[in-house]
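See below for the structure under consideration.
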There are 2 protein chains.
Amino acid sequence: MAPERQRSGVIPEPTVARLPIYQRIAAELARTGQSTVSSEQLAALAGVTAAKVRKDLAHLGQLGTRGTGYDAAQLVRGISEVMGVDQDWPVVIVGIGNLGRALINARGFLARGYRLVGLVDTDPRILGTEISGHTVVRFDELPARLADKVAIGIIATPASAAQDAADQLVALGAGSLLNFAPTVLMTPPQIRVRYVDLSIELQVLSHFALTDHPDAGAMSSVGIQPIGLPWTPAAEERGARS
Amino acid sequence: MAPERQRSGVIPEPTVARLPIYQRIAAELARTGQSTVSSEQLAALAGVTAAKVRKDLAHLGQLGTRGTGYDAAQLVRGISEVMGVDQDWPVVIVGIGNLGRALINARGFLARGYRLVGLVDTDPRILGTEISGHTVVRFDELPARLADKVAIGIIATPASAAQDAADQLVALGAGSLLNFAPTVLMTPPQIRVRYVDLSIELQVLSHFALTDHPDAGAMSSVGIQPIGLPWTPAAEERGARS
DNA sequence: CAATGTGAACAGTTTCACAGCT
DNA sequence: AGCTGTGAAACTGTTCACATTG
């Protein structure tokens with residue numbers, strides 16, 4: 001029945017978070033002319049173990065060839081497919097401060113399937129401003145400008161405005177929220193919420209620095225943990241690029 | 001011997017990532033005059049289960065009182081202590097684009113123990129600019145301006161510059177790195193690296209939206225998962241604050 | 001014979017249920 | 001009676017080792 005791909009059961013969250021990393025690496029290798037990758041090489045470049053790479057990729061179906069490795073281009077396609085990057089995801093960003101702008105401008109963030117359809121703020125100084133082809137409006141002006149339902153809402157407001165933003169986004173049909181504000185959101189259970197709390201990241205780092213915890217080099221969301229990798233002992237020439 | 005606190009073994013990473021959330025809630029409750037909190041209430045506000053709250057807090061030692069709950073103020077102090085927020089953590093930010101500025105300005109990010117000591121970039125247009133009391137300089141000018149070793153380096157550069165930034169930060173003594181660039185860093189094994197990859201967050205959301213995965217409402221780094229909480233069915237009055 | 005795919009052992013977290021204080 | 005602290009059970013994810021395949 002099914003065309004082939006997508007093995008069967010659900011893919012564990014840590015695996016889902018690692019797949020985009022493998023994809024990025026595979027894409028880069030393909031770009032530089034390497035057509036096949038081994039789990040070993042992928043592991044070294046992603047900072048994980050080879051066994052983990054194989055278990056992770058096995059969730060995509062029989063993607064590799066024994067004795068040879070994985071086809072880089074096919075890997076990229078396969079991962080795009082399970083991540084849903086091929087679909088169309090209308091995105092609204094609420095809160096056009098520095099963080100909101102960073103998200104709008106970051107290369108690779110609003111790429112491929114993630115289509116910006118609205119920018120919301122309340123600061124009179126930036127209302128009406130045009131950014132990246134979109135005019136910043138208040139929430140009540142947004143519906144008139146939207147052709148489709150919102151799929152993903154990004155909350156880049158101060159904590160005090162986050163819950164309201166979430167309510168409005170849900171009302172606009174957003175089924176998924178990405179919240180950068182340091183607050184826990186109250187949402188109906190069917191809404192997927194993902195939190196990125198920058199101050200927590202710092203605190204986790206300082207905690208592990210304090211306790212000198214050996215496995216502290218863990219990933220935030222991605223679950224990666226670059227273990228003692230080939231490290232060039234501090235580049236010779238010191239011309240800081242930023 | 002030991003004054004009391006800090007039970008014994010290491011605190012599991014998921015717990016460490018949740019502690020700041022409990023702290024925020026406890027601080028807010030204390031501020032509004034509530035002196036004690038139950039694990040139940042904390043759980044409801046943090047979007048986790050009460051059992052998890054108790055297990056988590058048990059790592060801080062005997063902090064609660066049976067039959068009563070936890071003392072809010074004491075909770076705040078206890079968590080500050082294990083997170084290392086009381087210590088002094090000199091921070092350098094590399095990459096003063098929108099993201100870097102967002103981090104500099106975000107309330108609650110560079111608070112308490114996290115002390116900004118340097119801003120690095122290479123763009124001639126912003127070199128020499130004064131932001132938040134710090135002049136943006138190139139890496140080679142930084143050592144002359146630093147009184148202390150760097151503890152935490154924040155990488156907010158494009159991916160192409162991230163590895164170089166990491167090398168330089170390590171050379172300046174940074175033992176912990178927070179990397180926002182979409183790259184895996186090669187660092188000596190004793191360096192703690194934490195990754196926040198914004199594009200991965202979006203992809204994880206779309207994947208779970210696609211597969212309609214029931215427990216998709218997971219936290220990025222924090223491991224929180226707000227489960228069907230008391231949800232006010234979309235605020236009545238629609239005045240979007242951003 | 002190199003490298004994947006995977007069952008089985010292992011490790012780490014969460015949940016449960018209740019003993020133990022206050 | 002109420003609520004914490006915690007062993008034990010359940011669950012989830014990782015590592016290991018190797019059978020399997022091209």
Side-chain angles (χ1 to χ4, degrees), chain A residues 5 7-19 22 26 34-44 46-72 74-75 78 213-216 218-219 221-225 227, chain B residues 4-5 7-19 22 26 34-44 46-72 74-75 78 213-219 221-225 227:
Chain A
R5 193 60 36 68
R7 199 168 204 58
S8 54
V10 300
I11 305 178
E13 214 225 74
T15 294
V16 169
R18 282 188 296 264
L19 290 176
Y22 304 146
Q34 185 179 328
S35 60
T36 108
V37 213
S38 69
S39 60
E40 197 93 39
Q41 186 183 8
L42 222 32
V48 299
T49 65
K52 202 182 268 180
V53 170
R54 291 199 297 275
K55 260 267 155 69
D56 285 344
L57 295 182
H59 287 284
L60 307 183
Q62 235 64 338
L63 212 37
T65 309
R66 292 168 201 235
T68 310
Y70 301 89
D71 180 79
Q74 197 178 334
L75 240 191
H213 193 125
D215 77 63
M219 280 261 1
S221 91
V222 184
I224 268 224
Q225 180 170 338
I227 19 187
Chain B
E4 198 268 60
R5 193 62 38 63
R7 198 171 206 55
S8 54
V10 298
I11 304 178
E13 214 226 72
T15 294
V16 169
R18 282 189 297 263
L19 290 176
Y22 304 146
Q34 185 180 326
S35 60
T36 104
V37 212
S38 70
S39 61
E40 196 93 40
Q41 187 183 6
L42 221 31
V48 298
T49 64
K52 203 183 267 179
V53 170
R54 291 198 298 276
K55 260 267 154 70
D56 285 345
L57 295 183
H59 286 285
L60 307 183
Q62 236 63 339
L63 213 38
T65 310
R66 291 167 201 234
T68 312
Y70 301 88
D71 179 77
Q74 197 179 334
L75 241 191
H213 192 124
D215 77 63
M219 279 262 359
S221 93
V222 184
I224 267 223
Q225 180 170 336
I227 22 186

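Just so it is clear: chains get the letters A, B, ... in the order the sequence lines come, proteins before strands, and each one is counted from 1.
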[atom1] of [X] versus [atom2] of [N]: gap in Å, rounded?
| X | N | atom1 | atom2 | value |
| --- | --- | --- | --- | --- |
| B:Gln41 | D:dG2 | CD | C1' | 15 Å |
| A:Leu19 | D:dG13 | CG | P | 13 Å |
| B:Lys52 | D:dG5 | NZ | P | 18 Å |
| A:Glu13 | D:dT12 | CD | P | 13 Å |
| B:Arg66 | C:dC21 | CZ | P | 6 Å |
| B:Glu40 | C:dC16 | CD | P | 13 Å |
| B:His59 | D:dT4 | NE2 | C1' | 14 Å |
| A:Asp71 | C:dT4 | CG | P | 13 Å |

(message) For B:Gln34, I'd like to know if atom CD has over 12 heavy atoms of other residues, nucleotides or ligands within 6.0 Å.
(response) yes
Check this one for me: any side-chain N or O of [X] less than 4.0 Å away from OP1 or OP2 of [N]?
| X | N | answer |
| --- | --- | --- |
| A:Tyr70 | C:dG5 | yes |
| A:Thr68 | D:dG22 | no |
| A:Thr49 | D:dT15 | yes |

Is there a side-chain contact between [X] and [Y], using heavy atoms and a 4.5 Å cut-off?
| X | Y | value |
| --- | --- | --- |
| A:Lys52 | A:Ser39 | no |
| B:Thr65 | B:Tyr70 | no |
| A:Thr15 | A:Leu57 | no |
| A:Val48 | A:Leu42 | no |

(message) As a test of reading the structure: which of D:dT4, C:dT4, C:dT14 is closest to the side chain of B:Ser39, going by heavy atoms?
(response) D:dT4
(request) Look at the side chain of B:Pro14 and decide which nucleotide, out of C:dT4, C:dT13, C:dG5, has an atom nearest to it. (result) C:dT13
(message) Would the base of C:dT4 count as contacting A:Arg54 through its side chain, where contact means a donor and an acceptor less than 3.5 Å apart?
(response) no
(message) Testing the basics here: between A:Gly78 and A:Leu60, what is the closest heavy-atom pair and its distance to 0.1 Å?
(response) C-CD1, 4.4 Å
Provide a list of protein-nucleic acid N or O atom pairs under 3.5 angstrom, restricted to nucleotides 7-9 of chain D.
from	atom 1	to	atom 2	distance (Å)
D:dG7	O6	B:Lys55	NZ	3.0
D:dA8	N6	B:Lys55	NZ	3.4

(request) Answer yes if the side chains of A:Asp71 and A:Thr36 hold a donor-acceptor pair under 3.5 Å, and no otherwise. (result) no
(request) Between A:Gly67 and A:Asp56, name the one whose nearest nucleotide on DNA chain D is closer to the 5' end. (result) A:Asp56
